Structures are given as C-alpha cells and as structure tokens.
Number of protein chains: 2
Amino acid sequence: MARPRKPLLSRAGIVAAALALVDTEGLAAVSTRRLAAELGVSGPSLYNHFHTKDEILDAVADTVVGEVDLSMFEGCTDWRAALTAWARSYRAALTAHPNIVPFLAQGPGRRPAGLRMADAVFGAMVEAGWPVADATLIGAMMRYFVAGSALGSFARGFVGDPAAYDPSAYPHLGQAHLLPEHQQRVDEGAFEMGLTALLDGLAVRFVTPTRVPEGD
Amino acid sequence: MARPRKPLLSRAGIVAAALALVDTEGLAAVSTRRLAAELGVSGPSLYNHFHTKDEILDAVADTVVGEVDLSMFEGCTDWRAALTAWARSYRAALTAHPNIVPFLAQGPGRRPAGLRMADAVFGAMVEAGWPVADATLIGAMMRYFVAGSALGSFARGFVGDPAAYDPSAYPHLGQAHLLPEHQQRVDEGAFEMGLTALLDGLAVRFVTPTRVPEGD
DNA sequence: ACCTGAACACCGTTCAAGT
DNA sequence: ACCTGAACACCGTTCAAGT
C-alpha cells in the first residue's frame, strides 16, 4: 500500500484506540503490534506519529487526566468546596479508566494535563489565602489520596475467592470481602470518609498558623 | 550441567535477587532471562521454583510489605498513636523500594503479608472501639493515602527539567519543583500534613457516632 | 510524508533431555 | 528433583523500500 493520499492514522486516533484497549483488556494488552492491528495498519506505522510506545501511553494518561474538571478553581473563594468538587471529579476520571492508573499515578512527568491540574490547584489555594508552602503540600497530599484511592481500590485489590481468607490466619477479615457490591461501597465510603477527614484537618490548620500577632 | 546435587536456586534467593534488580534498575529490568543471569543460571530454571514471573513479583511485593511494623497493634489502646506509627512504617517500607510500588499498591491480592496487615489494622480498630463498618473504611482510607504518597511521590513524579515548566502555561508552578531536596521535603511535609489531617478527621468522627443515649 | 515488510535483539513460557 | 538448550509465539524498535 505504501503511503495513502490521506493518512490512515492520527495521534488522536491512536490514543483513542489505545485507551479503548487499555480499558477493555488492560495495560498489558497494549502492544504496538496489537494496537496497530486494531487500527488496521502494521506495527511500525505507529512510529510515524509517536517516538515510543511510552509516548503513546503518556498521551493516553494525559487524555484521562484532561477529563478532570478544574472549573471550580476559577475565581475560587471557598477552597474547601473547590477541593471537594475537584477530588470527586479527579477520582471519577481515574475510576473510569482504572487500568491506566498505575501508569498515571506515578506523577505528571511532563504531561500537560497533569501539570495544568497541579498549577490550578496550587494557584487556587494561594489565592484562597494559603501560604505558598502549604499550597504545595495540599496539592501533593490530595493527589496522594485520590490516586491512592483509585489505584488501591478495595474492589480490585482484594481477590474474590473465599480460600484466600483463611480465618485462622486472618481472624478479622471475614467473608464480607467477597461481595463486589460491598467492596464498591467500601471504596466509596473510604474515599468520602478520607476526603472529609483531610479537609477537616486542613480547616484546623488554616486558621491557626495564619493568625499573626497584632499590634506593636 | 543438569541437576546439581545441591540446588542452585531457592525461592528466597530468587526473590532477593529480583528485589535487588527492581531496586537498582527498575521493574522493567526484571525479565526471567536477566534475573536468571544474575543468579548464574539459565532462564527456564526459575520455573522450577515459581509458576510465573508474576508470582515472583508477588513474592517480592510480599517481602516489602512484610517489612512493615505491625507490633503497635498488639493490645493497642491508643488507636491514633498506632495508626500514626503504622503509617510511617508502611511508608518507609514502600519508599525504600519505590520501583515495586506501582505493582504492590494495586492491593494485597492473595499476598500473605498484605492480608496480615489488613487484618491487623482492622482488628485493632475494632478492639479500640470503632464500629466494624468504620474499621474497614479506616483500613482502606489509610492504605489509599500511604500507597498514594509512595507512588505519586513529588520527587519522582515531577521531571527535573526547567523546560517542562513553561511559566506561561503553568503560571504557578515556578522553578522550585526543580530542586530535588525541595521535592523530598514536599513529600515528607505532604505526608505528615495529610496524616495529621486524616487522624484529626477520624478523631472528630470517633466520639460523635458512638455516643449512646444514656438514662432510663 | 506515511505506510510496508524484513530484521534485530529481546520477551515469557513449555518441554524433552539430561543427571 | 532440578537444571539445560531448543523452540514457540510473542515483544519494541529500526530501517530501507515504496509511493
């Protein structure tokens, strides 16, 4: 076939196909040959659009992070409400594409959407009155929690096999771990509990250290 | 050579070599052939001791999680102090072997050390007076945060290249991200800030719902 | 510029063959 | 029982060849 007069591939098309493959069959299923086959081309064709396979996965990760809503940070006055809404949107984006999370959660690297998100959180916290040093910590802290909750999902991380929970070895684990709907409720509950706890803790910190001695 | 009269390999030896390789060269460097070469044998020899490469990595992950101190949960009366000590030990174990964290943080699966840890946390929280449902949430929530902090490390997740932080695109990120010692301080600070916040938040929750109407 | 097939140096895993 | 080399079906990536 050689070069077609209209390109068969595009970066966006490759990324969409890669994301679909990651979602349906997992990260391990994404090989350059398999992905190319999915797109109806031969393996090396991808290298006309990306330098490496890793660059493709970076673009996939960036697409997912790009789905996170950041609008609550614009002209934000209530930092607590903004962080709450953002954390939920962030978690929703990750849990919609759980198989890419281990790759994505390692940090933004040089991915634009990840850096944009870090920038938005930091900027909004400073604007809301947080000291610069704290604003950095808040961004990191929230990222830890949200990424950890998507990655270490109870539902995905505990196997659904009774034999795995020998009651003599693990007297407290019980059989409840087996029920998928229970597991999902644990994930939701633990996320909301942690989110509330983190923000409560921040609220304590917000007033205290910013109180400056008044007067001469 | 065929079968030697004393086995050349052992599960423990393979796991130790694999962990060393993960630590020094990363998860991607661990191939069965490479690992076997490190041990002075040929690739397929490993299959006499493990069924799959994944089983080897599971054993490596279990070794790392096995390094976490759980002694603070024995006869624990102060749940807050116990969770604090445990979270720090947990984080220390993971940050000592950062390259295995993406694999490990996906959940305990059927790894004994991971299940033992989940069991210890849950049991201690119940013993300390937490409702069973909350104890499960606390275990998940803490796991999210600690694993997230080790995985999404600021120091490892942000690239150390000034060109990555175009100030017009990311007006708030600045150049501070470049300094490795600064990054490490951010990770430490964000971890401690989050830990305090989480436990403060839990403390609020602890007293409230367990208060039972007294009296006639 | 953009796709192709051939090729290179790798993979994980199976298996018959050796002791 | 435990190691070996050969073999299978894969990898990521390079590159000359085609239009």
Side-chain angles (χ1 to χ4, degrees), chain A residues 1-22 24-62 99-100 102-104 106 109-111, chain B residues 1-22 24-62 99-100 102-104 106 109-111:
Chain A
M1 153 180 328
R3 175 162 111 96
R5 55 170 50 100
K6 190 172 185 306
L8 298 175
L9 297 175
S10 68
R11 285 178 66 96
I14 293 169
V15 170
L19 179 55
L21 196 51
V22 166
T24 54
E25 306 194 28
L27 203 53
V30 183
S31 73
T32 54
R33 283 172 172 88
R34 175 69 199 283
L35 177 56
E38 216 76 34
L39 289 157
V41 298
S42 82
S45 303
L46 301 172
Y47 290 87
N48 286 295
H49 303 268
F50 291 93
H51 293 104
T52 62
K53 175 186 161 180
D54 237 54
E55 208 176 75
I56 298 175
L57 291 178
D58 259 326
V60 169
D62 209 52
N99 297 330
I100 192 73
F103 181 89
L104 177 156
Q106 299 192 52
R110 39 183 86 243
R111 294 192 296 269
Chain B
M1 150 181 328
R3 176 162 111 97
R5 55 169 50 100
K6 191 172 183 305
L8 297 176
L9 297 176
S10 67
R11 284 178 67 96
I14 293 169
V15 170
L19 178 55
L21 196 52
V22 166
T24 54
E25 305 194 30
L27 203 53
V30 183
S31 73
T32 54
R33 284 172 171 88
R34 175 69 199 281
L35 176 56
E38 216 77 33
L39 289 157
V41 299
S42 82
S45 303
L46 301 172
Y47 289 88
N48 286 296
H49 303 268
F50 291 93
H51 291 104
T52 62
K53 176 186 160 179
D54 237 54
E55 207 177 76
I56 298 175
L57 291 179
D58 260 325
V60 169
D62 208 52
N99 296 331
I100 193 73
F103 182 88
L104 177 157
Q106 299 192 52
R110 38 183 88 242
R111 295 192 295 269

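Both backbone and side-chain heavy atoms feed into the values below; hydrogens, waters and symmetry mates do not. The sequence lines fix the lettering, A, B, ..., with proteins before strands; numbering per chain opens at 1. Since we're looking at a predicted model, the values are computed, not measured.
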Write down the distance between CZ (A:F50) and C1' (D:dG12), rounded to a whole number of angstrom. 16 Å
From CD1 of A:I56 over to C1' of D:dC11, roughly how many Å is that when rounded to an integer? 14 Å
Does A:H49 put a side-chain nitrogen or oxygen below 4.0 Å from OP1 or OP2 of C:dC3? yes
Strictly by Watson-Crick or wobble contacts shorter than 3.5 Å, is anything paired with C:dC8, and which nucleotide is it? D:dG12
Which part of the nucleic acid, if any, lies within contact of A:T32, taking any heavy atom under 4.0 Å across all strands shown: a base, the sugar-phosphate backbone alone, or nothing? base
With a 3.5 Å cut-off and sequence neighbours excluded, list the donor-acceptor pairs that the side chains of residues 54-61 of chain A form with protein atoms.
from  : atom 1 : to     : atom 2 : distance (Å)
A:E55 : OE1    : A:H51  : N      : 2.9
A:E55 : OE2    : A:H51  : ND1    : 3.1
A:D58 : OD1    : A:R111 : NH1    : 2.8

Using atom types as modelled and distance alone, determine if a side-chain donor or acceptor of A:S45 lies under 3.5 Å from a backbone N or O of A:V41. no
Roughly how many Å is it from NZ in A:K53 to P in D:dC10, rounded to a whole number? 15 Å
In whole angstroms, how far is the P atom of C:dC3 from the NZ atom of A:K6? 10 Å
Can you find a heavy atom in the side chain of A:I100 that is under 4.5 Å from one in the side chain of A:L27? yes
Can you see if the side chain of B:S42 gets near the phosphate of D:dC3 - specifically, an N or O under 4.0 Å from OP1 or OP2? no
Could you let me know what D:dA1 is paired to, Watson-Crick or G-U wobble, both distances under 3.5 Å, or none if it's on its own? C:dT19
Taking the side chain as every heavy atom from C-beta outward, state whether B:Q106 and A:P102 have any atom pair closer than 4.5 Å. yes
D:dC2 phosphate, OP1 or OP2: any side-chain N/O from B:S45 under 4.0 angstrom? no
What is the separation between atom CZ on B:R5 and atom P on D:dT4, rounded to the nearest whole Å? 16 Å
Rounded to whole Å, the CG-C1' distance (A:L27 to D:dG12) equals 15 Å
Calculate, to the nearest 0.5 Å, the distance between atoms CZ and CG belonging to B:R110 and B:D62 respectively. 13.0 Å
Rounded to whole Å, please give me the gap between CG in B:L46 and P in D:dC3. 9 Å
C:dA17 P sits how many Å from B:N48 CG, rounded? 17 Å
Taking the nucleotide of DNA chain C with the closest heavy atom to each, which residue, A:G43 or A:R33, is nearer the 5' end? A:G43
Heavy-atom nearest nucleotide on DNA chain D for A:R34 versus A:P44: which residue maps closer to 5'? A:R34
Nucleotide nearest A:L8 (side chain, heavy atoms from C-beta), chosen from D:dG12, C:dT4, C:dC3: C:dC3
